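Working notes, structure below.
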Amino acid sequence: MFKKILIANRGEIALRIIRAAKDLEIKTVAVYSKADTDSLHTQLADERVCIGPAPASESYLNIPQVISAAIITECDAIHPGYGFLAENATFAEICIEHNIAFIGPSPDVIASMGDKIKAKVLMKKADVPIVPGLLEAVSNLDEIKKIIQKIGYPVIIKAAAGGGGKGIRIIEDSSQLEPMINAARLEAEKAFKDSSLYIEKYIQKPRHIEVQILGDNYGNIIHLGERECSIQSRHQKLIEETPPVNISQKIKQKMCEIAVRAARSVKYKSAGTIEFLFDSREKKFYFIEMNTRIQVEHPVTELVTGIDLVKLQIQLAAGEKLKLTQKDIVPSGHAIECRINAVDPDNNFAPSPGKIESLHLPGGPGVRLDTHIYAGYTIPPNYDSMIAKLITYGEDRKEALSRMRRALSEFIVNGIKTTIPFHLRILNDSSFIKGDIHTHFLSCMDKKNNSSPQIPTE
Ligand code: ADP
């Protein structure tokens, strides 16, 4: 087992990893930017190293700095968390070259799954259903027009190197084609330094359902069930739950089997997620991507399975064999997660960084809170606006939802604005309560209420 792990991340996920390491009696090293000097992860880790100024490009994304910090503190492993360097194949390779284990899958799997086009080609070969569309980067406009003639409008354009909903455009008809492609290309270049795009059929009002996967170095792969992630704003998830409602057991079972097949086809090691779009009308699902890291929403799976995913991720990276078999995975009850962001719901969800003057945290039966905030903490403006994940568990969905309402109304953060009141609105919406959800749920809810809240992208 590892002796010391460097956590190449910040915020709640850095704390989550420190906690898993402590449970395994492994020492931890926190790295931090100057903006995060007072952040909780720097205080809970055994050691801390400042790796640069506030901009992520100069600190959390600065590979030489992160690797140097690991070398001087004699770490034998690095956990990348999510975001930042988590899906950077070059970083994973550099870790290995320096004899530091990368807690995640192998660099070649990160590289092929990180390229959405390559991933779709691989999945097609493995007989995993994919959304109809191009299987190569878009270049020539005539070619694009030809493929659209085949699949028909509406279509969706995505950045091949994409993530976090960036570079996505939906095109309803031919008049929008050229300007949309140009805009997506610019956005992709800015966000990922790679302007290649691809195009696929736009599924109307789909649901986003994903399957949690675990694999070891010896070819054992299991799934830990599905998660519903359809409550999204600008293609970014806000609320996740498990199990998804209003989908037959047979379909869910099939999705999980196909997810395992998908992971097996790339000899997947570590925790990963296979994401699908589910067309409720056609009762068909399609692979959209594989995330080769721990997901923000992993706690809902942990609550219904009783499995510590981050701990397992560390054990698998250390070469331990997966002791669990598929039969051991018997999810029970219902879990739901609300992402709490420091934004102002009454001001078009504008970022609301600043000092937390006072704080009251929720608790009680069935409530888990993963957060790095504390009273007196100043949220820096430089990073993602998520400040907490509130997760509740119940014997059934009804109980998980009432516990979430209770926890949200107990959760008081003074000094900044948060999405807490917005979540309460969703939790009290009659369609949400019925489980009548899809990826456009929020814009439909806004139309019903005559408002237009959308969380802005970073
Ligand atoms: P990213 O990696 O940027 O998050 P994804 O490919 O995972 O991008 O897609 C993000 C979201 O965009 C999905 O959850 C879904 O809401 C929407 N989406 C993606 N592809 C399609 C599609 N073909 N049809 C309809 N919606 C889509």
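First listed ligand is number 1; within each ligand, the first listed atom is number 1. Because only heavy atoms are used, hydrogens play no part in the values below, and waters and symmetry mates are left out as well, while side chains stay in. Every value quoted in this text rests on a predicted model; they were computed, and no experiment measured them. Numbering of residues begins at 1 and proceeds along the displayed sequence.
Of all protein heavy atoms, the one lying nearest to atom 17 (C) of ligand 1 is H235 ND1, 3.7 Å. The nearest heavy-atom contact from the protein to atom 21 (C) of ligand 1 is L277 CD1, 3.2 Å. Regarding atom 3 (O) of ligand 1, its nearest protein heavy-atom neighbour is G165 N, 2.6 Å. Protein heavy atom nearest atom 1 (P) of ligand 1, with residue, atom name and distance: K116 NZ, 3.3 Å.
For the residue pair H208/E228, the side-chain donor-acceptor check at 3.5 Å is not satisfied. Side-chain contact check for E257 and Q253: at least one donor-acceptor pair (N or O, by modelled atom type) lies under 3.5 Å. Side-chain atoms of H223 and Q326 include a donor-acceptor pair closer than 3.5 Å. Between the side chains of Y268 and T292, no donor-acceptor pair of N or O atoms lies under 3.5 Å.
Only side-chain heavy atoms of Q232 come within less than 4.0 Å of ligand 1; its backbone N, CA, C and O stay farther off. At a heavy-atom cutoff of 4.0 Å, ligand 1 is contacted by the side chain of E275 but not by its backbone.
Of all atoms in ligand 1, numbered sequentially from 1 with element shown, those under 4.0 Å from a heavy atom of I203 are 22 (C), 24 (N), 25 (C). For ligand 1, the atoms lying closer than 4.0 Å to a non-hydrogen atom of K158 are 6 (O), 19 (C), 20 (N). Shown in contact with E289 at under 4.0 Å from a heavy atom are these atoms of ligand 1, numbered in order with element: 1 (P), 2 (O), 4 (O), 5 (P), 7 (O). In the vicinity of I156, heavy-atom distances shorter than 4.0 Å reach the ligand 1 atoms 18 (N), 19 (C), 20 (N), 21 (C), 22 (C), 23 (N), 27 (C). Heavy-atom contacts of H208 reach the following atoms of ligand 1: 13 (C), 14 (O) (cutoff under 4.0 Å).
Of the charged side-chain nitrogens involved, at least one lies within less than 4.0 Å of a carboxylate oxygen, so that R10 and D36 count as a salt-bridged pair.
Aromatic rings of Y377 and H372 (six-membered ring for Trp) have centroids within the 6.0 Å cut-off, being under it.
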Inset, instruction - Apply side-chain hydrogen bond (donor to acceptor under 3.5 Å, both in side chains) to the pair T273 and N291, showing each step before the final yes or no. - result: CA-CA 5 Å; T273 301; N291 287 320; 5.7 Å; no
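Not a single N or O atom of I168, backbone or side chain, sits closer than 3.5 Å to an N or O atom of ligand 1. In terms of polar-atom proximity, defined here as any N/O pair under 3.5 Å, Y202 makes no such contact with ligand 1.
Counting only residues at least two apart or on different chains, the side-chain hydrogen bond (donor to acceptor under 3.5 Å, both in side chains) pairs with a member in residues 172-181 are D173-S175. For residues 297-306, every residue pair satisfying the side-chain hydrogen bond (donor to acceptor under 3.5 Å, both in side chains) rule, not counting sequence neighbours, is listed here: R16-H298, R16-E302, R227-T301, K237-E297, Q295-E297, E297-R339, E302-R368.
Heavy atoms of Q236 come nearer than 4.0 angstrom to ligand 1 in no pair at all.
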